[in-house]
Amino acid sequence: MLFEVWAPHAGQVGLHVEGVTRPMERDPAREGWWRAEAEAGHGTRYGFALDGGPPLPDPRSRRQPDGPEGLSAVVDHSRFPWEREWFGRPLPGAVLYELHIGTFTREGTFDAAAERLPHLAGLGISHVQLMPVCPFPGTHGWGYDGVAPWAVHEPYGGPEGLARFVDAAHGHGLGAVLDVVHNHLGPSGNHLPAYGPYFTDTHHTPWGAAVNLDAPGSDEVRAYFTGSALAWLRDFRLDGLRLDAVHALHDTRAQHFLAELSAAVDALAARTGRPLFLIGESDLNDPRTTAPRESGGHGLHAQWNDDFHHALHTLLTGEHQGYYADFAAEGAGALAKTLTGGFFHDGTHSAFRGRAHGSPLNTRTTPAHRLLGYAQTHDQIGNRAIGDRLSGSLSPGLLACAAALVLCSPFTPMLFMGEEWGAGTPWQYFTDHQDPELAEAVRRGRRREFAAHGWTEAEIPDPQDPATRLRSCLDWSEPEREPHAELLAWHRRLIALRRAEPALTDPGWPVSEPAGGLPDGVSAGVSAPADGGWFGFRRGPLHIVVNPRKRSAQVRLGTGPGEVSEVVAAWRPVELPGADGVLRLPPESAAVLRHGTR
């Protein structure tokens, strides 16, 4: 078997296989590369010794049986007995479901999660989006401190466990998406700097030196991360990748790394005949993220839209601290702006940042499904002081309003695990760092961060306490009890409606209307009355209306008597508008109505 490694700074490199180290030779065709042949097969342990040092894991390791600090193991992906033929599921029209393998079940494994896939298929989900599964120190963690971007966390089930999960998901008709981290590696177990210039001091990130995408040696670093992304899609038959914090990928080269990556993924999709896609998490509100490469964009297929989340969150919770301040100041108008233009901050002043932020999205050339819409994510729950979900403070009726706004929006909707039944369990920040000093630093840092916002030290969960992770595991008995069962049925109804009604997956955008109601003859629009008593928008023939107030609302739909022909879905019973064209909407409720005949 041929072993290869890029180690441009090493004077000599040794291949360590099954306890024996032998010298490697420089590859004359590729600068900085070393190669050697050795007898090896599936499961063989190996590593590379640099300049006489101890053997280190392979930067391109596909398996770390003993964790990030141990030797690597050879993986023969052709051995996996795939049971399902899979032709892929595209992103347009999708409903995504973000889940964390370590807390989706108390067992915290791929196999245990696979047993719950019938629930997701019955809910109407199209794609499961896994949070990162690369190896990290310890057993339990969020996964964003992974250190081996080509491998799979062993406690979850390793590479074969991931393959079984993806195969099972495909068997239920579910696509599989994986969250990957290219912007940094974890603080413990990261051996890449020993091999070469994987990082650069030219740029800095919240995690330290930036990944080297534009300094000397960056050609190989870019190929390293592109190769990792393609390996996930190819070897595990994944349908897409979510790219963490792409705004931290600092790159001054003429072709941005994201454009290079999206071109490689599109080429792989053409070769495999499967639709493959990339979803970016970006804090920039930059239309170039999803603009076609031919137009000077990066060519990602979608991006998360935190502006929609913030607008929805402030409308339902009334929170106005931190980055919520600008959205709260605009009330329902902030939500109307995101539904019709994508970004709230599109060049406007951001008080949180103290500067102008974002750039306008061209809604004439950008289909709405290129933005993901959501009420909750791992970030927006787990980065709160006590990891409280919306269900910790909102009534079932307000949770129903959130579901209607997300699942009937023009965006590609995404739910966070347990959201569909209003899970009563929190989702808190937890770690399992094996380095005592690092563990204590994380613990102190977490407490210091929230002490500045008025929280006492005793109120902040200890990330290193195993109980923090256990509290964050879903309680699978909840969906069978009220009020969870009713919320679950509501989510199923809305997702089924999204599948059945072409207007709800139309790539077009609603058109913003003046406050006070929709005028006659308008085929699409958003209405946000000045008193904030209700909020509504149109998707083709459908009116989506929510009333977050604790009192009933009178909603003038802008239609004539009898023009609303059907109550398609309602959280609480409502009657068709009377002769005055006014809908009486109960407190803290939502409804979907049809204008005209089907």
Side-chain angles (χ1 to χ4, degrees), residues 89-100 120 123-132 174-180 238-247 258 262 265 275-291 297-313 327 335 337-346 358 361 363 366-382 390 402-417 419-420 491 494-495 498 504-510 539:
R89 290 195 72 164
L91 185 62
V95 178
L96 276 65
Y97 187 96
E98 186 186 26
L99 70 84
H100 177 261
L120 301 184
L123 177 61
I125 295 299
S126 66
H127 293 77
V128 179
Q129 179 177 298
L130 300 180
M131 288 176 61
L174 299 167
V177 182
L178 179 63
D179 194 340
V180 297
L238 291 164
D239 298 275
L241 300 175
R242 183 259 190 187
L243 308 178
D244 180 63
V246 298
H247 51 268
L258 290 177
S262 69
V265 169
L276 303 174
F277 53 84
L278 296 172
I279 302 170
E281 179 202 16
S282 175
D283 188 43
L284 301 178
N285 283 16
D286 186 351
R288 289 175 296 182
T289 303
T290 58
H298 299 331
L300 300 193
H301 306 89
Q303 63 176 306
W304 281 26
N305 186 6
D306 273 357
D307 279 15
F308 173 73
H309 167 273
H310 299 346
L312 188 156
H313 187 92
F327 299 86
L335 185 59
K337 184 176 181 181
T338 63
L339 284 170
T340 56
F343 299 145
F344 175 75
H345 286 302
D346 54 3
L361 194 72
T363 56
T366 305
H369 64 69
R370 289 196 183 277
L371 297 184
L372 264 63
Y374 37 82
Q376 302 182 74
T377 69
H378 76 273
D379 272 332
Q380 301 300 339
I381 300 171
L390 287 179
L405 292 169
V406 169
L407 293 169
C408 296
S409 79
F411 309 127
T412 296
M414 183 179 72
L415 304 177
F416 181 69
M417 62 178 195
E419 179 181 349
E420 70 272 25
H491 280 81
L494 291 175
I495 294 174
R498 188 174 184 90
L504 293 182
T505 52
D506 189 298
W509 297 73
R539 302 295 308 284

Item to check | CZ (R498) with more than 12 external heavy atoms under 6.0 Å | outcome: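 Yes, because the 6.0 Å sphere around CZ of R498 holds more than 12 heavy atoms from other groups.
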
Is the backbone N or O of [Y] less than 3.5 Å from a side-chain atom of [X], with the two atoms forming a donor-acceptor pair by type?
| X | Y | answer |
| --- | --- | --- |
| H491 | E420 | yes |
| R539 | C408 | yes |
| D283 | H247 | no |
| E98 | M414 | no |
| D239 | A176 | yes |
| H301 | P90 | no |
| S126 | V95 | yes |
| T338 | D307 | no |

Taking the side chain as everything from C-beta on, heavy atoms only, tell me whether [X] gets closer than 4.5 Å to [Y].
| X | Y | value |
| --- | --- | --- |
| T505 | P92 | no |
| L130 | L99 | yes |
| T340 | W509 | no |
| F308 | L371 | no |
| W304 | H309 | no |
| V180 | D244 | no |
| Y97 | L123 | yes |
| T412 | I279 | no |

Heavy-atom pair of closest approach, residues [X] and [Y]:
| X | Y | value |
| --- | --- | --- |
| G508 | D506 | N-OD1, 2.6 Å |
| T377 | F416 | C-CD1, 4.0 Å |
| S262 | G299 | CB-O, 3.6 Å |
| G373 | V406 | O-CG1, 3.6 Å |

Next on the checklist: What verdict does the side-chain contact (heavy atoms from CB on, under 4.5 Å) test give for H313 and Q380, after you've listed the backbone C-alpha separation in whole Å, the side-chain angles of each residue and the deciding distance to 0.1 Å?
Outcome noted: CA-CA 10 Å; H313 187 92; Q380 301 300 339; over 6 Å; no

Next on the checklist: Could you go through L405 and L335, starting from their C-alpha distance and side-chain angles, then the distance that decides it, and tell me whether this counts as side-chain contact (heavy atoms from CB on, under 4.5 Å)?
Outcome noted: CA-CA 10 Å; L405 292 169; L335 185 59; 4.0 Å; yes

Item to check | Stepwise side-chain contact (heavy atoms from CB on, under 4.5 Å) check, I125 with L415 | outcome: CA-CA 9 Å; I125 295 299; L415 304 177; 4.3 Å; yes

Next on the checklist: So, applying side chain to side chain donor-acceptor pair (under 3.5 Å) with D179, which one of Q129, H100, R242 is it?
Outcome noted: R242

In Å, rounded to the nearest 0.5 Å, how long is the span from [atom1] of [X] to [atom2] of [Y]?
| X | Y | atom1 | atom2 | answer |
| --- | --- | --- | --- | --- |
| T366 | L361 | OG1 | CG | 4.0 Å |
| L339 | F411 | CG | CZ | 5.0 Å |
| I381 | L390 | CD1 | CG | 7.0 Å |
| N305 | F344 | CG | CZ | 12.0 Å |
| Q303 | L258 | CD | CG | 10.5 Å |

Checklist entry - Looking at F327 versus H345, is the centre-to-centre ring distance below 6.0 Å? => result yes

Checklist entry - Quick one: do the Y374 and D306 side chains pair a donor with an acceptor below 3.5 Å? => result yes

